[in-house]
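Here is the structure we will look at, set down as structure tokens.
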Amino acid sequence: MSGTYLGMPAFPKAAREAVHDQTLRGNLRHATRTIRDKRARAVAELEDWPALRAAGRAVKDRTLRHLDRYLVQLEEAVTAAGGIVHWAADADEANRIVTHLVKATGESEVVKVKSMATQEIGLNEALEAEGIRAYETDLAELIVQLGEDRPSHILVPAIHRNRGEIRDIFARTMGEWGRPAPDGLTDSPAELAEAARLHLREKFLRAKVGISGANFMVAETGTLVVVESEGNGRMCLTLPETLISVVGIEKVVPTWQDLEVFLQLLPRSSTAERMNPYTSTWTGTTDGDGPQTFHLVLLDNGRTDTLADEVGRQALRCIRCSACLNVCPVYERAGGHAYGSVYPGPIGAILSPQLRGTQTEIDASLPYASSLCGACYEVCPVAIDIPEVLVHLRERVVEGGEVTRRGVRVTLKPAKGHAAERAAMRAARWTLDHPGALRAGQRLAARTRRVHPQRLPGPGRAWSDTRALPEVPEESFRHWWQRTRGGAR
Amino acid sequence: MNSRERVLARVRRALADVPREERPRDFPVPRDYLRRHGDGERSAARTAALLAGNLADYRAVVHRTSTAGLPGLLARLLAEHGSRSVVLPPGLPPEWLAAADVTVVRDRETVTPAELDAVDTVVTGCAVAIAETGTLVLDGGPDQGRRRITLVPDHHLCVVRVPGQVVDSVPQALERLDPARPLTWISGPSATSDIELDRVEGVHGPRTLEVILVED
Ligand code: SF4
């Protein structure tokens, strides 16, 4: 993964800054709580949710265990349907492929539908460097792009901006990029959405190249699936002459029937809807309807390294619903930017250090950006045991050991005495210093007993050596914390 | 080694712990989730009512009529919406619009996005409607047309034949659909909650979605 945001401080420092930003905290609290409650209702509507969750988990595990076979099958099916498949081992290669494909069309601008994979590889910046302008078309992405900002939430990337700020950004910057905001624009969400509709429509109607990701790829049929709300995805997928989709290799599912599981899990877990407003599926190209040239770029960029870790592998099941962010007490206080990657929150804390390795301060500190309360695991629609992976990664940071980097087995040195250790230590302390971030700790006892270490590994070890860790079953972390102030009493 | 070989080789090395003889089907996927939700058998009438309820819940406007009543209803809805022009997929029965006083644009490949943008309304049929989620699925059939015609105009009138095109659930819908065709699943008008999580109807897709359930 190319993109640690430049100059990105390690988790605790970034989190400290975020906590002092009152607007950000207010927005985040409101947003995460709203989604959380709605989601619980949407999930409760399906009496077979646990069975769907078990199926979703198993389908993804089956796929991952035979990923080579499914990727080859997918390639064959996409090719047979008229698509062209490219393989990219890393971010640079993916960016080179896409840049080359866009240049071959002779176009100097593209429309994009929100895609985490293209953010992960820094595609917009790579295109910009080659003189190609990429227009983000998701409302929130537009807000982020116009505000020269970074996304802070998987699903609602502008969750840290309130309506007044959005109005100001639109009024100030839309004119520089195309159709200006209407005079007298107010901060009503309907008016702001209308301004975005008009601003983007002229771009959609003239666009010749669209760039997307995909939520799922069906190996059996070669079908790609994009799940969305606003219709900008449909615009990008159907109006341009050329469509380029950049998709992580873990997004493949074996069969068409498997979609019946994920098209039930994802909308309810993500936007808390029975179904999201628009889902598009396409298989190669269709004569007379939609793009006549379709390129699929299959992206590795650290995914096979993650796959090589038998404990960490489960992070690749993630369907990016963002439910784990919305329940996370640490995320709610620290905000998405503190995670220093396009993948914030609990999933970011286990995915980024695996995709990028744990050599940098930010990546070494991420596994500590958690109180191990377990709420993320409970809501995860594909049952990723995030606390288990966090503990595993902490051990790796601290004790070193065998990992796979860019396809090669290497032995990491323990972080002891390095800057990474200090960063990790500060992250752990930050989490412990924010009792609010531990509030969900009631769940800790039952949930993390299995993964709760006898001693905190590494940076925490000195700490746990002198302060016996609580016996988890007897007392919740939260309760213990209140009683002892983290062992200080 | 090219990147295809490199990535596939990395995948195989990463999976060294998976027994060589394991086949995908050896790894079990429990499929004991439901094919449809709710208790007991639903009558066709109750399924249609559920569809109507869920469509309305996501702010589609629902109407009910018979085949004989369809042209009159379409004419009335177009007039009420103030539509002066409609775009129609090539295979939509012409008699549906017999009573409407509008300029008809028959969609062809040569119709440009800008021309579609100037049209007030699109009228289509559908392939399948899902009652439990309030979803319409279009598959590009003759009465549905190219994907863009239900995207660019601001008003979509969609005709659903009841009970023939209605299924209970997502699993039942996928069984009926052909993955080789480009599909558009529509659940209510386009929407965003990107501004402080306030749901706003209509960003880029049609801001008004009206569904006509035709029962005979
Ligand atoms: S880890 Fe699970 S809960 Fe979090 S975004 Fe991924 S699928 Fe959703």
Side-chain angles (χ1 to χ4, degrees), chain A residues 31 34 46 48 51-52 54-55 58-59 61-62 65-68 87-89 93 139-140 156 158 162-163 166 189-190 192-193 196-197 205 221 223 229-232 234-235 238-239 256-257 259-260 263-264 274-283 286 288-290 300 304 307-308 310 407, chain B residues 2-4 6-15 17-18 22 24 27-34 37 54 58 109 113-114 117 130 132-135 140 146-148 151 170-171 174 179-198 200 202-205:
Chain A
T34 307
L46 295 191
D48 61 341
L52 283 166
V59 168
D61 278 347
R62 174 187 277 180
R65 290 173 76 85
H66 299 277
L67 189 58
D68 50 339
W87 299 70
E93 188 175 12
L139 180 51
V156 208
N162 63 30
R163 61 183 74 186
I166 295 168
L192 295 170
R197 176 184 171 96
L205 296 185
T221 59
T223 307
S229 296
E230 296 172 14
N232 61 312
R234 292 181 65 196
M235 291 278 181
T238 52
L239 292 184
W256 179 249
Q257 191 198 353
L259 292 178
E260 72 189 17
L263 290 181
Q264 295 192 77
R274 289 185 197 104
M275 193 58 87
N276 49 289
Y278 297 132
T279 296
S280 297
T281 77
W282 73 99
T283 304
T286 306
D289 182 4
D300 178 351
T304 51
L307 188 68
E310 288 174 43
Chain B
N2 64 26
S3 290
R4 178 182 189 277
R6 183 172 299 123
V7 172
L8 286 172
R10 284 180 184 177
V11 170
R12 288 176 188 131
R13 267 202 308 280
L15 294 171
D17 60 300
V18 176
E22 182 180 302
F27 188 88
V29 172
R31 302 239 184 224
D32 48 359
Y33 50 86
L34 302 173
H37 296 88
N54 281 334
Y58 283 168
E109 258 185 71
D117 197 30
I130 307 170
E132 288 180 5
T133 58
T135 302
R146 300 190 295 167
R147 286 170 281 175
R148 64 184 58 188
L151 174 62
V170 172
L174 283 161
R181 309 181 73 107
L183 303 181
T184 304
W185 299 46
I186 300 171
S187 308
S190 99
T192 182
S193 302
D194 279 351
I195 301 165
E196 294 184 11
L197 296 173
D198 272 1
V200 178
V203 193
H204 303 299

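The chains referred to below are lettered A, B, ... by the order of the sequence lines, with proteins before strands, and numbering in each begins at 1.
- Using modelled atom types, no side-chain atom of A:Asp289 and backbone atom of B:Arg146 make a donor-acceptor pair closer than 3.5 Å.
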Kindly indicate, with the supporting measurements, whether the criterion side-chain contact (heavy atoms from CB on, under 4.5 Å) is fulfilled by A:Val59 and B:Arg31. CA-CA 10 Å; A:Val59 168; B:Arg31 302 239 184 224; 4.3 Å; yes
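- Heavy-atom distances place the side chain of A:Thr223, and not its backbone, under 4.5 Å from chain B.
- Residue A:Thr221 touches chain B through its side chain alone, counting heavy-atom pairs closer than 4.5 Å.
- In this structure, the portions of A:Ser229 lying under 4.5 Å from any heavy atom of chain B include both its backbone and its side chain.
- The CZ atom of B:Arg148 sits 10.5 Å away from atom CE of A:Met235, with the distance rounded to the nearest 0.5 Å.
- Across B:Pro179, B:Gly140, B:Ala9, the residue that shares the most heavy-atom pairs under 4.5 angstrom with chain A is B:Pro179.
- Contacts with chain A were tallied for B:Pro171, B:Pro113, B:Pro182, B:Pro24; B:Pro24 has the most, counting heavy-atom pairs under 4.5 Å.
- The part of A:Asn276 that comes within reach of chain B is its backbone (N, CA, C, O), which places non-hydrogen atoms under 4.5 angstrom from that chain.
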Please step through side chain to side chain donor-acceptor pair (under 3.5 Å) for the pair A:Gln264 and B:Tyr33, ending with a clear verdict. CA-CA 11 Å; A:Gln264 295 192 77; B:Tyr33 50 86; over 6 Å; no
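- Of the two parts of B:Arg4, the backbone and the side chain both hold a non-hydrogen atom closer than 4.5 Å to a non-hydrogen atom of chain A.
- Proximity of a side-chain donor or acceptor of A:Arg197 to a complementary backbone N or O of B:Gly205 within less than 3.5 Å is detected.
- Note that OG1 of B:Thr135 and OH of A:Tyr278 are 12.5 Å apart. Values are rounded to the nearest 0.5 Å.
- Nearest heavy-atom pair across B:Pro30 and A:Ala58 is CD-CB, 3.6 Å.
- Between A:Ala89 and B:Arg10, the shortest heavy-atom contact is O-NH1, 3.6 Å.
- Heavy atoms only, all atoms of each residue included: B:Leu15 and A:Arg65 are closest at CD1-O, 3.5 Å.
- Note that OG1 of A:Thr286 and CZ of B:Arg147 are 5.5 Å apart. Values are rounded to the nearest 0.5 Å.
- A:Leu307 contributes atom CG, which lies 11.5 Å from atom CZ of B:Arg13 (distance to the nearest 0.5 angstrom).
- Taking B:Leu183, B:Thr133, B:Ile186 one by one and counting their heavy-atom pairs under 4.5 Å with chain A, the maximum is reached by B:Leu183.
- Shown here for B:Val11 and A:Leu67, the closest heavy-atom pair between the two residues is CG1-CB, 3.8 Å.
- Contact of A:Asp300 with chain B is made through the side chain alone, with heavy-atom distances under 4.5 Å.
- Proximity to chain B is limited to the backbone of A:Ala196, based on heavy atoms less than 4.5 angstrom apart.
- Contact of B:Glu22 with chain A is made through backbone and side chain together, with heavy-atom distances under 4.5 Å.
- In this structure, A:Thr283 OG1 and B:Arg181 CZ are separated by 11.5 Å, a value rounded to the nearest 0.5 Å.
- Of the listed residues B:Glu109, B:His37, B:Glu132, the one with more heavy-atom pairs under 4.5 angstrom with chain A than any other is B:His37.
- Across A:Glu93, A:Gln257, A:Met275, the residue that shares the most heavy-atom pairs under 4.5 angstrom with chain B is A:Met275.
- In this structure, CZ on A:Arg234 lies 4.5 Å from OG1 on B:Thr184, to the nearest 0.5 angstrom.
- Of the listed residues (A:Ser280, A:Ala51, A:Ala88), the greatest number of heavy-atom pairs within a distance under 4.5 Å of chain B belongs to A:Ala51.
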What do the steps show when you test A:Arg274 against B:Ser187 for side-chain contact (heavy atoms from CB on, under 4.5 Å), and what is the final call? CA-CA 9 Å; A:Arg274 289 185 197 104; B:Ser187 308; over 6 Å; no
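- Heavy-atom pairs under 4.5 Å with chain A peak, among B:Ile130, B:Asp32, B:Asp117, B:Leu174, at B:Leu174.
- Side-chain atoms of B:Leu151 and A:Thr238, non-hydrogen and from C-beta on, do get closer than 4.5 Å to each other.
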